[in-house]
2 protein chains.
Amino acid sequence: MRHYRIPDETVKRLPVYLRGAVLLLKDGKKSLSSGELAGFIGASPAQIRKDFSYFGAFGTRGVGYDTPKLIKQISKILKLNKRHKAVLVGIGNLGTAIMVYTGFSIYGFSIEAAFDNDAKKIGKKINGITIEDIAKLRTIRAKKIQIAILAVTSGQAQRVAESLVNNGIKGILNFSPCRLEVPKNIKVISIDIALDMARLPYYMPKT
Amino acid sequence: MRHYRIPDETVKRLPVYLRGAVLLLKDGKKSLSSGELAGFIGASPAQIRKDFSYFGAFGTRGVGYDTPKLIKQISKILKLNKRHKAVLVGIGNLGTAIMVYTGFSIYGFSIEAAFDNDAKKIGKKINGITIEDIAKLRTIRAKKIQIAILAVTSGQAQRVAESLVNNGIKGILNFSPCRLEVPKNIKVISIDIALDMARLPYYMPKT
DNA sequence: GTATGTGAATCTCTTCACAGCA
DNA sequence: TGCTGTGAAGAGATTCACATAC
């Protein structure tokens, strides 16, 4: 039964469930119980069932979930049932790594354009994508790209983010260690490597 | 006043507060109120005060926080008051990017060793660090390295993680998209880029 | 018999609102 | 007066336990 509000934590877990289901299907598991999936990804069965319940009833009582059907359902919830084009801005070391990273494709993402402001990089080709001058960012609108990956320096991030939003971007995966101020209909998800690293010592025993 | 249990969410925010305080101090702010810090990093003043209160009383009523003192206090809580040596395993595209990434240093981390299993990479030098054969991982114990950054493929991650733990590593920053099974006194923090990307479309309006 | 789906209970985290102190 | 520090209240997320359906 559809509830009024879906917990954010639930949305965070859905991609984990999706990946788990995909891997288990590859392994030949045509059908899954919440317990099997839980064991595979390291979660609790009750959590999985509760999370699914926010979106409806996916399974069969006494049996479990049909794996391909489950994959379709989660994909649809996450709007991953269609492919998504993405643009990458900032082709430094991290940007290059992201460019050749293959992990996005299982969720249906493909990087369709890349921009930088460094003349030495513009015109170069990585993975079949030619790096363009950031001054020509507006071309992403015609390409109907709505997702951006931001891998520029902190100093440039806010300015580039605004430019992206002005050119039709609706969601940003942000790798710069700073807060982005964007209109509230734009979703920003930030990955801050140093921030995560910084809390490791807290949890480590003794020295 | 020290409470029995510190919320995990609080620990996640401490590095944000720390970075904010450092940046504001650089900007000349010798003293801070919870409201100023909150505005700078995008949080609520009450949240900041509550978070600090788990560890004691850092400020002066009616005045605020002495910025350098605050930085020291948070650093101490996070055990960032000493420098931490880290080892990087997996010098692919992402590993190389991490190797040259400068964002760790403000928290006192330095990468002191790097390993890979690719003969073509072994012996190469990046940023002053020579890439060593992963077969020689045991040398990290003598160097007293307790933190590892794992940037190998999913297939190798579990095996390498075990090897790291066997050689004295107490905390792992894991970039591979898989769960690591480690003894429970070992802390793993995972960064899964594709997973974060995968929930972007959910939040985006329309198509 | 077996595993889902879900209200209720529990636990955790955040916000409030104000006492306490410079 | 002004801002911290903190119990209490409120909101949010997880776990429990069982009715429900195959």
Side-chain angles (χ1 to χ4, degrees), chain A residues 1-17 20-21 24 29-74 77 199 202-203, chain B residues 1-17 20-21 24 29-74 77 199 202-203:
Chain A
M1 204 164 311
R2 184 169 287 268
H3 285 53
Y4 179 62
R5 176 161 164 78
I6 314 288
D8 241 355
E9 299 301 311
T10 293
V11 179
K12 274 191 195 155
R13 284 186 295 264
L14 289 178
V16 183
Y17 301 156
L24 287 167
K29 291 211 73 69
K30 304 266 188 207
S31 161
L32 279 181
S33 71
S34 60
E36 286 172 306
L37 183 56
F40 186 70
I41 61 169
S44 83
Q47 175 94 266
I48 291 177
R49 294 200 303 276
K50 175 61 98 178
D51 283 341
F52 289 168
S53 80
Y54 291 114
F55 303 96
F58 298 177
T60 310
R61 293 179 194 220
V63 179
Y65 304 91
D66 177 75
T67 316
K69 194 173 148 195
L70 184 64
I71 291 170
K72 259 184 210 147
Q73 307 254 35
I74 303 175
I77 294 166
R199 69 200 157 89
Y202 176 86
Y203 294 101
Chain B
M1 206 163 312
R2 185 169 288 265
H3 286 54
Y4 180 61
R5 175 161 165 79
I6 313 286
D8 242 354
E9 299 301 312
T10 293
V11 179
K12 276 191 194 153
R13 283 185 295 262
L14 289 178
V16 183
Y17 301 156
L24 286 167
K29 289 211 75 69
K30 303 263 185 209
S31 162
L32 277 181
S33 71
S34 60
E36 285 172 306
L37 184 55
F40 186 70
I41 62 170
S44 84
Q47 175 108 81
I48 291 178
R49 293 201 304 274
K50 176 60 98 178
D51 283 341
F52 289 168
S53 80
Y54 291 114
F55 303 96
F58 297 177
T60 310
R61 293 177 193 223
V63 179
Y65 303 92
D66 176 75
T67 316
K69 195 174 148 196
L70 184 65
I71 291 169
K72 258 183 210 149
Q73 306 254 36
I74 303 176
I77 294 166
R199 70 200 154 89
Y202 176 86
Y203 293 102

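In what follows, chains are A, B, ... by sequence order, proteins preceding strands, each numbered from 1. Quick caveat, the model's predicted, so the values are computed rather than measured.
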- Testing C:dA3, D:dC22, C:dC13 for proximity to the side chain of A:Ser33, the answer is C:dA3
- So, is B:Tyr65 close to the D:dG5 phosphate, meaning a side-chain N or O under 4.0 Å from OP1 or OP2? yes
- Message: Whole angstroms only, please: what is the CD1-P distance between A:Ile6 and D:dT14?
- Response: 13 Å
- Query: With sequence neighbours excluded, what pairs up with B:Arg49 under the salt bridge (charged side-chain N to carboxylate O under 4.0 Å, His left out) test?
  - Reply: none
- Message: Please confirm whether the shortest side-chain N or O distance from B:Gln47 to OP1 or OP2 of C:dC13 is below 4.0 Å.
- Response: no
- Task: For A:Lys69 and C:dT4, give me the distance from atom NZ to atom P, rounded to whole Å.
- Result: 13 Å
- Message: Nearest whole Å is fine: how far is C:dC11 C1' from A:Glu9 CD?
- Response: 14 Å
- Task: Give the rounded distance in Å between these two atoms: CD of B:Glu36 and P of D:dT4.
- Result: 9 Å
- Given D:dT14, C:dT14, C:dA17, the nucleotide with the shortest approach to the side chain of B:Arg13: C:dT14
- Nearest-Å distance, CZ (B:Arg5) to C1' (C:dC11)? 11 Å
- Message: I'd like to know whether B:Tyr202 forms a side-chain contact (heavy atoms from CB on, under 4.5 Å) with A:Ile6, so could you lay out the CA-CA distance, the side-chain angles of the two residues, the decisive distance to 0.1 Å, and finally the verdict.
- Response: CA-CA 11 Å; B:Tyr202 176 86; A:Ile6 314 288; 3.6 Å; yes
- Message: On the nucleotide D:dT15, are OP1 or OP2 found under 4.0 Å from the side-chain N or O atoms that A:Ser44 carries?
- Response: yes
- Message: Nearest to the B:Lys50 side chain among C:dT15, D:dC22, D:dT15, which nucleotide is it?
- Response: C:dT15
- Item | Length of the CD1-P vector between A:Ile48 and D:dC16, whole Å | 14 Å
- Between the CD1 atom in A:Ile74 and the CZ atom in A:Arg13, the distance rounded to the nearest 0.5 Å is 12.5 Å
- Please determine, for the side chain of B:Arg61, which listed nucleotide (C:dC16, D:dG2, D:dT14) has the closest atom? D:dG2
- State, to 0.1 Å, how close B:Lys69 and B:Phe58 come at their nearest heavy-atom pair, and which atoms those are. NZ-O, 4.2 Å
- Item | OH on A:Tyr17 to CG on A:Leu37, rounded to 0.5 Å | 7.5 Å
- Note on the structure: The answer to which of A:Arg49 and B:Asp8 contacts DNA chain C further toward the 5' end, by nearest nucleotide, is A:Arg49
- Query: Touch check for A:Ser34, heavy atoms < 4.0 angstrom, all strands: base, sugar-phosphate only, or nothing?
  - Reply: sugar-phosphate
- Heavy-atom nearest nucleotide on DNA chain D taken for B:Val63 and for A:Ala46; more 5' hit belongs to B:Val63
- Query: Looking across every strand, which nucleic acid part, if any, lies under 4.0 Å from A:Phe52 by heavy atom: base, sugar-phosphate, or nothing?
  - Reply: nothing
- Spacing of B:Phe58 atom CZ relative to C:dA22 atom C1', expressed in whole Å: 19 Å
